[in-house]
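Please read the structure below before turning to the comments.
One-based numbering along the sequence shown.
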Amino acid sequence: MSVRFNMAASAVSHELFKEGVRAVLHSWPVLQIAVDNGFGGVYGQQKADWMVDVVQQYFHDNADLQQCEVEDFIADLMDQEFDTVVDDGSLPQVSVSLVKVFNQWQQGALQQLQNTINTLTQKKSQRAKVTAPPTQSDEDSEEEKQVMECEASGSSVCRTDPRPPTTQDEEDGWTVVRKK
């Protein structure tokens with residue numbers, strides 16, 4: 001009977017660790033920007049969910065991971081799955097958070113882990129949602145669309161704001177995310 005209880009407790013514990021990884025990744029603005037803007041293609045949200053499983057498994061398969069190893073792993077995932085080079089300084093923060101969640105889980109500090117998850121989940125719910133402007137109706141002529149596209153591209157070229165944008169598409173297909 002105690003073996004069955006330990007297995008059930010272990011399953012709950014593993015699920016709590018997975019929730020911790022999900023909370024860290026899903027509250028990370030860079031990943032959310034990548035998903036919201038389709039950097040990962042039409043299956044971006046599924047890729048973000050898949051990343052939770054992959055990162056969880058990475059911790060289980062590798063003993064004593066260092067923060068820099070986790071950082072490299074996450075950077076590779078973002079590069080491969082979302083064609084995104086993370087250059088905003090958030091990778092070390094995300095990696096530290098993942099290592100913290102893993103250490104809490106590994107040490108059996110499940111209440112502490114639950115508190116960390118609650119804090120991250122609350123942070124995610126406070127995130128501002130960025131939506132694209134409404135699309136033009138089908139009744140617009142092709143000429144009107146071309147004029148609007150030219151005006152839109154002209155305004156971005158003649159921009160007077162000296163700060164770089166948060167994201168930019170490079171010619172070679174890479175998306176670079178930078179800190180404001």
**Request:** Side-chain contact test, heavy atoms from C-beta onward, threshold under 4.5 Å: evaluate it for Glu69 versus Asn62 and give yes or no.
**Result:** no
**Request:** Could you check if a side-chain atom of Val52 sits within less than 4.5 angstrom of a side-chain atom of His26, using non-hydrogen atoms only?
**Result:** yes
**CG on Asn37 to OG1 on Thr84, rounded to 0.5 Å** = 9.5 Å
**Asked** Is there a donor in the side chain of Asp61 and an acceptor in the side chain of Gln57, or the other way round, less than 3.5 Å apart?
**Response** yes
**Asked** Any side-chain heavy atom of Trp28 sitting closer than 4.5 Å to one from Ile74?
**Response** yes
**Asked** Hey, does Ile117 have a side-chain heavy atom less than 4.5 Å from the side chain of Leu16?
**Response** yes
**Complete:** Tightest non-hydrogen contact, residues Ala34 and Met78, listed as CB-CE, 4.1 Å
**Request:** Report yes or no: do Val54 and Leu65 belong to one cluster of Ile/Leu/Val/Met/Phe/Trp/Tyr joined by side chain heavy-atom distances under 4.5 Å?
**Result:** yes
**Asked** Does Lys18 reach the side chain of Asp53, with side-chain heavy atoms less than 4.5 Å apart?
**Response** yes
**Asked** Quick one: are Glu81 and Phe39 in side-chain contact, heavy atoms under 4.5 Å?
**Response** no
**Item:** Non-hydrogen side-chain atoms of His14 and His60 separated by less than 4.5 Å
**Value:** yes
**Prompt:** Does any donor atom in the side chain of Gln114 or Asn118 lie under 3.5 Å from an acceptor atom in the other side chain?
**Reply:** yes
**Item:** Interatomic spacing from CG in Asp36 to CG in Leu31 - rounded to 0.5 Å
**Value:** 9.0 Å
**Prompt:** What pairs meet the ring pair (Phe, Tyr, Trp, His ring centres under 6.0 Å) rule with one or both residues in residues 61-97, with sequence neighbours excluded?
**Reply:** Tyr58-Phe73
**Request:** Indicate the atoms forming the closest heavy-atom contact of Ser95 with Glu71, along with that distance.
**Result:** OG-CA, 3.0 Å
**Prompt:** Can you name the closest pair of heavy atoms from Pro29 and Ser27 and give their distance?
**Reply:** CD-O, 3.2 Å
**Prompt:** With sequence neighbours excluded, what pairs up with Glu19 under the salt bridge (charged side-chain N to carboxylate O under 4.0 Å, His left out) test?
**Reply:** Arg22
**Fill in**
Across all chains, not counting sequence neighbours, the side chain to side chain contact (heavy atoms under 4.5 Å, CB included) partners of Gln80 are Asp76
**Request:** Taking all non-hydrogen atoms of both residues into account, name the closest pair between Gln45 and Val35 and its distance.
**Result:** OE1-CG1, 3.4 Å
**Prompt:** So do the side chains of Val24 and Val55 get within less than 4.5 Å of each other, counting heavy atoms only?
**Reply:** no
**Request:** Decide whether Trp105 and Val96 are clustered together by the hydrophobic rule: side chain heavy atoms of Ile, Leu, Val, Met, Phe, Trp, Tyr closer than 4.5 Å, transitively.
**Result:** no
**Request:** Say whether Val86 and Trp50 are linked into one hydrophobic cluster, either directly or through other cluster members, by side-chain heavy-atom distances under 4.5 angstrom.
**Result:** yes
**Request:** Show your reasoning for whether side chain to side chain contact (heavy atoms under 4.5 Å, CB included) applies to Phe59 and Phe17.
**Result:** CA-CA 10 Å; Phe59 274 94; Phe17 174 60; 3.9 Å; yes
